[in-house]
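Count residues from 1 along the sequence. Side-chain atoms are counted along with the backbone in the values below, which use heavy atoms only and exclude waters and symmetry mates. Each ligand, and each atom within it, is numbered from 1 in the order the structure gives.
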Amino acid sequence: MNDNGTAAIRLHQARKVYPGLGEPFTALHGLSLEIRKGEFVAVVGASGSGKSTLLHLLAGIDRASAGEVWVGGQALHRMSEAQLSAWRGRAVGVVFQFFQLLPGLTVAENVMLPMDFCQQWPAAERRDRALKLLGRLGVADQADKFPAALSGGQQQRVAVARALANAPAVLLADEPTGNLDSRNAAALLDIFATLVRDEGLTVVMVTHERAALQQATRRITLLDGRVVADEHTTSSQALADA
Ligand code: ADP
Ligand code: MG
């Protein structure tokens, strides 16, 4: 099966079963959905509904037990582990709730690290590119500090800069505002919305944040590993429904 046109992401009957010690546990029951380039998708649902599992499949961090997972025209379900990890480094950027910056590297070095792995930019250009990305996120002045010297809001901006290091077409974020105060959360969501609007980035973001639904263009609700609602939203609509 070929990937079609403008779909940034396509799942076809994607299942995830965790083997576990006792009964195998089905975290995703044959999900089928298509996300177009330039969509800003909020994935919502109760704890344990499968949101992180879905994100892990899209990031190639974990594999579907059955079904198809296409991201950027690539069939993740057919890739070897080695192919997946090489693909992941350049095709998707991932942002987590707890920033996950490497404490022993400076801010600039953290952003350069994915470039060092993927070798898409010549070594001599990587620091400049990192500084540009940090500038876009409003934290260029923090470049030579270590992460521990930064506030949570600043660390998450650095994590977004790092996620964008290899110019991925898709940004995946798992509760990225979960550890931010409301002002920093709103600023981060504005950044995501700007990247979507100005650069055609596709964003899939797991969130509990009411404010996030103002920015997202689509809201997918999971319940017990199934999609129970899939709504294209405008800001006012999403807010009213939240
Ligand atoms: P959410 O992010 O929506 O809170 P998750 O995707 O993390 O949900 O988890 C969905 C379900 O799968 C939960 O019931 C969780 O306990 C289970 N689960 C997640 N990861 C594993 C794992 N590695 N092994 C076994 N069960 C898991
Ligand atoms: Mg989760």
Side-chain angles (χ1 to χ4, degrees), residues 8-35 39-71 76-77 79-81 84-85 88 92-101 152-153 155-156 159-160 162-163 168 170-182 184-185 188-189 192 202-231 233 238 241-242:
I9 291 168
R10 197 156 57 83
L11 297 184
H12 180 70
Q13 292 292 314
R15 276 170 72 78
K16 180 64 192 178
V17 181
Y18 290 112
L21 290 175
E23 286 280 286
F25 180 81
T26 303
L28 294 176
H29 296 266
L31 244 60
S32 296
L33 59 89
E34 193 170 305
I35 294 170
E39 284 197 273
F40 185 175
V41 179
V43 178
V44 302
S47 174
S49 57
K51 305 182 298 295
S52 293
T53 299
L54 170 61
L55 226 65
H56 291 163
L57 296 191
L58 299 180
I61 292 169
D62 205 351
R63 329 176 59 102
S65 311
E68 299 179 5
V69 179
W70 297 82
V71 178
L76 272 51
H77 50 286
M79 287 188 195
S80 68
E81 290 300 330
L84 261 187
S85 72
R88 181 191 313 131
V92 292
V94 189
V95 178
F96 301 99
Q97 183 174 357
F98 296 101
F99 325 134
Q100 298 186 359
L101 301 173
Q155 288 189 51
Q156 194 60 304
V160 174
R162 179 184 57 182
V170 175
L171 185 70
L172 304 168
D174 197 347
E175 304 194 29
T177 60
N179 277 291
L180 303 182
D181 59 47
S182 58
N184 276 304
L188 189 76
L189 295 167
F192 285 176
T202 305
V203 175
V204 181
M205 174 180 65
V206 172
T207 189
H208 291 295
E209 192 92 27
R210 207 179 137 87
L213 303 173
Q214 283 183 271
Q215 301 279 17
T217 59
R218 180 174 174 187
R219 175 173 47 184
I220 294 174
T221 309
L222 294 184
L223 177 67
D224 296 337
R226 293 186 167 86
V227 173
V228 292
D230 184 352
E231 305 145 283
T233 57
D241 293 352

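Proximity of a side-chain donor or acceptor of Thr221 to a complementary backbone N or O of Val44 within less than 3.5 Å is not detected. The closest donor-acceptor contact from the side chain of Gln156 to the backbone of Phe98 lies at 3.5 Å or more, if one exists at all. Lys16 contributes no side-chain N or O that, together with a main-chain N or O of Thr26, makes up a donor-acceptor pair within less than 3.5 Å. Side-chain atoms of Arg15 do not come within 3.5 Å of backbone N or O of Ala66 as any donor-acceptor pair. Judged by distance alone, with hydrogens and angles left aside, the side-chain atoms of Gln155 form no donor-acceptor pair with the main-chain N or O of Leu101 at under 3.5 Å.
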| request: Start with the C-alpha distance between Arg218 and Asp230, add both sets of side-chain angles, then the distance that settles salt bridge (Lys or Arg N to Asp or Glu O under 4.0 Å), and finish with yes or no. | output: CA-CA 7 Å; Arg218 180 174 174 187; Asp230 184 352; 2.8 Å; yes
| field | Trace of the side chain to side chain contact (heavy atoms under 4.5 Å, CB included) decision for Glu34 with Trp70 | value | CA-CA 9 Å; Glu34 193 170 305; Trp70 297 82; over 6 Å; no
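The environment of Asp224 atom CG is sparse: at most 12 non-hydrogen atoms of other residues, nucleotides or ligands sit within 6.0 angstrom.
Of all non-hydrogen atoms in Leu28 and Gly50, the two that sit nearest each other are CD2-O, 3.8 Å.
Protein N/O/S atoms closer to the Mg ion (ligand 2) than 2.8 Å number 1 in this structure.
The contact shell of ligand 1, taken as protein residues with any non-hydrogen atom closer than 4.0 angstrom, comprises Tyr18, Phe25, Ala27, Ala46, Ser47, Gly48, Ser49, Gly50, Lys51, Ser52, Thr53.
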